[in-house]
Structure formats: C-alpha cells, structure tokens
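Just so it is clear, the model here is predicted, and its values are computed rather than measured. All chains are named by letter (A, B, ...) in the order of the sequence lines, taking the proteins before the strands, and each is independently numbered beginning at 1.
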Amino acid sequence: MELNERQQEAVSLPPGPVLVLAGAGSGKTRVLTSRIAHLLEEGAHPGQILAVTFTNKAAQSMRQRLAQLVQIDLHGLWMGTFHGIAHRILRLHHGLVGLPAQFQVLDADDSQRLIRRALKDLGLDDKYWNPRQLAARIGRWKDGGIAPDDLRRDPSLPEAVLAVYRQYELLKERAGAVDFADLLLLALRLWQDKALLAQYQERFQHVLVDEFQDTNAVQYQWLHALAAHGQIFVVGDDDQSIYGWRGAEVENIFRFSQDYPGARLVRLEQNYRSTAPILAAANAVIAHNAERLGKTLWTARSGGSPVQLYRAYNEEDEARFVVARIQDWVAKGGKREDCAILYRSNAQSRPFEEHLLREGIPYRVYGGLRFFERAEIKDTLAYLRLVLNRHDDAAFERVVNLPARGIGAVTLERLRQYSQERGLSLWQAAGELQQPKLQAFLNLIDQLAERCRDRSLDEQVSLVLEQVPLRDWHARDGDRGEGRLENLEELINAARTFALSDSSAGLRELNPVPGDLLGEFLTHAALEAGEGGAEAWQDAVQLMSLHSAKGLEFALVFLVGLEEGLFPHQRSLEDPAGLAEERRLCYVGMTRAMQQLVLCYAESRRLHGSERMAMASRFLRDLPPEEVEELRPRARISRPIPIPAASARSDCPYPLGARVRHPVFGEGTVLDFEGGGRQGRIQIQFASGSKWLALGIVALEQLS
DNA sequence: CACAAAGAGGTTTTT
DNA sequence: CCTCTTTGTG
C-alpha cells in the first residue's frame, strides 16, 4: 500500500507527540494503521500499544486493516472504543473504585428508567421534570466531568435537578451498576492510584487515538494522564466534529498542542476518495462555517459526474426515486453494498425499507432499534442480570411482574418504599417483606441461578426461556409477538456465537473472574448495539444515519431528507453552534461518496403523523451551481431552489442584498443572516470572498 | 390485581 | 406515527 509524502511523514515520525489533521478521505485510517505497523517494525511489542477509536465499527475495521498489514500475532495489542477499554480496565481493578466484580453497564434506556425511579423516590412529578431531558442533562455534566458537588453553588439550577442527579448516582451505586459516562469517569479515577497509573504508563508506550476531535473532557484527561510520556499519536479533523451534543470538545485539538509542546503537526489534505465535483460541493458547504482550522481538500483526480439533486414530491417519491436509481446501478453491474442511503435521523429509514422490500432488494439497516435494545431481548437479559447480581434493581423492576405474576403497582410501591427507607436493594426488601408472590419470584430466580451453573452461555439463555413463560406471553400477542419470538431464538444464537467469538476471547483472557462469560455477554449487549437484520454475507444496500456513516465510504451515496427542520434538525435551528455542527454533519455525509453523490429533498413530508410542506435545506444553497445537476428542475429556467426564510431573518438589521462597508474588508453585499440579536451572524460577499461575521462585534456601514 | 381500551405526549445523532 | 400512561372494567 503506497503512502504519499505527508502520510509517510506522519507514519515514520520519531516517537513523541504527533497531531495529524486529516481531512475526509485523506487516508486517515491508513495512516493510523501504518503507524502501528511502523512501531511494530521498529521493535515495539504489541502489548505496548493502545489504539483508541470512537465507535465499534471503526475499531473493527482498523483491526482488520492492521491484520492485513502485519504478519505478527497482535495478541496483547489493545484496540477498542474508549468505553470498551475503560470497561476492560475497570473489570481488572474494580475494587479500587468500589465496584463489585460483576458490575453492570447500563445503557441509555436503563439510565432513563433509573432517573424515573429517582424522580419517584424524591416525590417529583415526571410530567414536569422530563426524565429524558434530565437524563440528557446529567449525562452531559458527567461527560464534562462535573459531579453533583460541583453544581451545588449554581443558584440558577433548580434544587430538584441536583437532587435527582444525586439520587440517580445513589441508585446506581446501590445496584452496583455504571452508566456510559461512569465507565470513563471511573477509569479516570483509577489514575488517582499513582502506582497503577505508573504501571499502565509503563505498559502502554504508544497511545494512538482516532477521531480525536470527538473526545470529551474526561476522555482527554484520561489520555493525558496515561500518555504522560508523550508518545501519543492523535488523528482528527475539526470539520468532522459531530458529537458536540455528547460533550465532545474540538478544543482538545488545541489543548493537545499546549499540553504537548513540541508536538509535531501533520496536515493531510489530499483526498483519495471522492471525485472533483463531490469534493468541490462538500468544500463549498463546509466553507460557510466560521472558526475552522482551515483545511481545503483537493484531489488529483479529474472528471467525475456532477453531484445530482433530486426534488421529490414527498418522502414516498424520494424513496421510490432512490430505489430506482439503485436498481439502475445494479443493472449496470454495480454492487448493492456500494450504495448507501444516509439520513439525519433513524426514523427516516422506513419508506426506504418498504420500497427496497417491495423491489426485493436486500438491505441492511444500521442503528435505529438495535437488537440488544429491543424490549423482549432486554427482558430476557434482565433475568440473567438478576442471576448474576440479585441487587440489580433495574433488572428486578423490569421483570418482577413480567410476564404478569400478580405483583402489581401497589406491591411494587410498598417494596420501593421499604427498600428506600432502609437503603436495601429491591431484592433484599422483597426477601424481608414475606409476601408469597414476591417469595415465588425470588425462588424462581434462585432456581434459575442454580440451573444456570456450569451451563454454556446459550444454554443459560435457553433456560431462562424455559423457566419463564416468556415465549407463551409473546405468542399471545399475535403478529407483533411473532417477530419477538424470532428475536428470542436469535438471542440464543447470539449467545452461542458470542461464546465462540474473538470479542469475548480477548476479554476472557484478561478477565480474572472465572466463569464470567455471562457477565461479558451482558456487557457486550450494553456496549455494542448488535447490528442485527440482514445476513452479514449478503450483498446489501446500506442504510444508516449520518453519524453512523462517519469513517465509512461508498461508491454511490444518497443523502436524503435535505430539508429545513429535518436537516438541519429543528432543534439546532436556533443555535449557531448547533447549526455549525449540522453543517459539519452534512460535510461528513457528502464526503462519504466516492463516485456519485445524490442529494434529495422532498417538497412535502409526513412528519410525526401529519403532512407538512418542507423547504429545501439551507445547505443546498451553498452548492456551487456548476457542480450540480438538478434532476427535476423547476419549470421556469433559473428559478433558484426555494430558499427558507431564516428563522430570525426579520431581526437582521441589514436587508439581504444591501450594500455595506466593513472597516477592513471594504464594500460587500449582504448574502445571508442567521440567529438573532447580538448572537446573530451575517454573511457578506466581499471582493475578497464571502465571510460570516458576528453581528455583536462587527461595525458595518450601510451604503444603500 | 389483571387486562383491554382509549388518550396523551414526544419524538436527533451514539457509547 | 408510535409508544407509554392513564383510565375503566371484570
């Protein structure tokens, strides 16, 4: 595999801090894997290398590429997501942070349930205090490393919110469980043990990080402590920072240069992925963002067909069009797996799925309702969670009356009361309450645990389904239940596969707890979504959200639903930072395409059940016309794409099109405006190019 | 206390 | 549009 000069430079720099700013399609993964290969050639032992990625998909693809690159046994090389690696280390040293050996990992749904519990415990109304929002808010604090005590003195913060945060933490602790943010926080807390930290610093001589722009405060601190020796190689792209909502701080890129003075900086700007028109279009879109480190991708390739833009009548027409285009592609000998349909939110997949299904085209949906997130799967696993840890209150509450066994809301409320008053787990409380039906449930779990002893993983799953009449319960649910029954059988398969798979083998050898395969499986279920659906071997069209698409590439990309309110998303419209992130997301989506990029929007769309007229996304306005071919042009020539009235355009002190003078840039024309008041930004076309300026700062003189 | 029916409410993105 | 919650009945 050939590397260009810059790539080669990055790969072979001497040990020391390195920051690679790598544009989309500039061979980022190749550089990262080649760097690892280089280190190994230079005599590094695989066990001295830690490679961190952001998603499971990325970790997987890097491992594959590395295996192709080097012949040696990669045993001992740690490669995985932040959360996955944090989990590994916590398993090894759980005692140091006060966790039980088989602590549970709560997924987002579990966390939200626990927030609900916390609200109930505190006697707060979950109508007024939205559990979902609270969970998001608390999650954001935790991603930023902000503990309840840090919030104590904030007068603007309602006391109730703080109380919920505290109660939530308490409930988690009592259950011996951790949420996603805890994995990172506790892994960081481990570093307070200086001896332990030194041990890991010694071990991981080389730390490599992918998608560095997506790291949050806690992750950065963790890395910084671990890589105090400075042998840290990070790769990132500020233009692809799309996880700000999850606490990611692009600033970490600047922080890196400060924290590691003398860090070498390498820029990769040559794009090998996309054709010139695709690149030109993507560059034009991202150019509208202020505050960029400023990178312009270029390609040595010439030619390539223009970016296409289809104006659909509605979401059905959009799906019909896309599927027809895929059929053309296949008819001309293209592979289905080289086609991707990318959308802003997972809910948009439905019409595409229906049309693909109707046409008999295999497809695979990533994200959305994932296998391990399905209710029937989580129910079944909850039994196993109780088998492993009786004090897992979330699991207890989930299945204590499922299927119905006469333990209703009243009993449960009494149980909760009792447990809360005495600081007991629900399991302990149930034991003390002497209620026959509860007793029967406890016996059921104990029996289950007894029988699960010394059984294989899939047998354990089967045992749950035999001992607990979950199958019958679903079977009575008619059509809906049928799919769920299939999923339950699939769960047995998943357990069998997991027991044999590498993903568990890696953990098992590190795992000091014998016979804890079940625990690892449950973690796997929480940490990895389990991309179910179509058979892996099948040549299938790929459907996924823009976020999931990051890091991937496809010959033919359909970027759909480019409408105001959908993309950019409604929730981002008011907030300039949010809009900038949406724009980066658009850039990420466009740069996934290698040969052909097709953009779609619909004039009318059913959203949340009702039909509504849609306006073309503002991002479409920024496309260079010469690179774009409109597939259903408007009847009248040169009528532009309908442009949305920006939400707060009326607030703009200068009318669009007005001539203005800027003290530095000279005369220009007002092109656009977004945001409101002093927060607003104004775009002006100067002779030297167009610029976005903050209205709160800029001093403009209107000329006409 | 279980279950069925009707109503209300809430919808981004991921580990 | 879908799920979850509340309400009403047996």
Most 5' of A/R344 and A/R414 on DNA chain B, judged by nearest nucleotide: A/R414

Which comes earlier along DNA chain B counting from the 5' end, the contact point of A/G406 or that of A/Y243, where each point is its nearest nucleotide? A/G406

Partner residues of A/E397 under the salt bridge (Lys or Arg N to Asp or Glu O under 4.0 Å) criterion, sequence neighbours left out: A/R117, A/R416

Counting just side-chain N and O atoms, does [X] come under 4.0 Å of either OP1 or OP2 of [N]?
| X | N | value |
| --- | --- | --- |
| A/S545 | B/dT14 | yes |
| A/R350 | C/dC1 | no |
| A/S572 | B/dT12 | no |

Quick one: which of A/Y366, A/Y343, A/Y363 gives a side-chain contact (heavy atoms from CB on, under 4.5 Å) with A/S349? A/Y343

Considering only heavy atoms from C-beta outward, does the side chain of [X] approach that of [Y] to under 4.5 Å?
| X | Y | answer |
| --- | --- | --- |
| A/Q102 | A/L522 | no |
| A/E376 | A/L488 | yes |
| A/H87 | A/F103 | yes |

Quick one: label [X] by what it contacts on the DNA or RNA (base, sugar-phosphate, nothing), any heavy atom closer than 4.0 Å.
| X | result |
| --- | --- |
| A/N401 | sugar-phosphate |
| A/S548 | sugar-phosphate |
| A/L183 | nothing |
| A/R405 | sugar-phosphate |

When you measure from the side chain of [X], which nucleotide among [options] comes out closest?
| X | options | value |
| --- | --- | --- |
| A/S345 | B/dT15, B/dT13, B/dC1 | B/dT13 |
| A/R246 | B/dT15, B/dT12, B/dC1 | B/dT15 |
| A/N346 | C/dT5, B/dT15, B/dT13 | B/dT13 |
| A/A404 | B/dT12, B/dA2, B/dT15 | B/dA2 |
| A/H569 | B/dT12, C/dC2, B/dC3 | B/dT12 |
| A/R116 | B/dT15, B/dT12, C/dT5 | C/dT5 |
| A/N130 | B/dT11, B/dT15, C/dC2 | B/dT11 |
| A/N56 | C/dC2, B/dT12, B/dT15 | B/dT15 |

Nucleotide [N], atom [atom2] - distance to [atom1] of [X] in whole Å:
| X | N | atom1 | atom2 | result |
| --- | --- | --- | --- | --- |
| A/F54 | B/dT13 | CZ | P | 16 Å |
| A/E373 | C/dT3 | CD | P | 14 Å |
| A/Q112 | B/dT11 | CD | C1' | 12 Å |
| A/N216 | B/dT14 | CG | P | 17 Å |
| A/W222 | B/dT15 | CH2 | P | 18 Å |
| A/L119 | C/dC4 | CG | C1' | 16 Å |
| A/R132 | C/dC4 | CZ | C1' | 11 Å |
| A/R584 | B/dT13 | CZ | C1' | 13 Å |

Could you give the distance separating B/dT11 and C/dT6 at their P atoms, to the nearest angstrom? 16 Å

Where the side chain of A/N289 meets the backbone of A/I286, is there a donor-acceptor pair that is under 3.5 Å apart? no

Hey, is A/W245 stacking on B/dT13? Ring centres under 5.5 Å, planes under 30°. yes

Honestly, is A/K437 close enough over A/F441, meaning NZ or CZ under 6.0 Å from the six-membered ring centre and within 45° of the axis? no

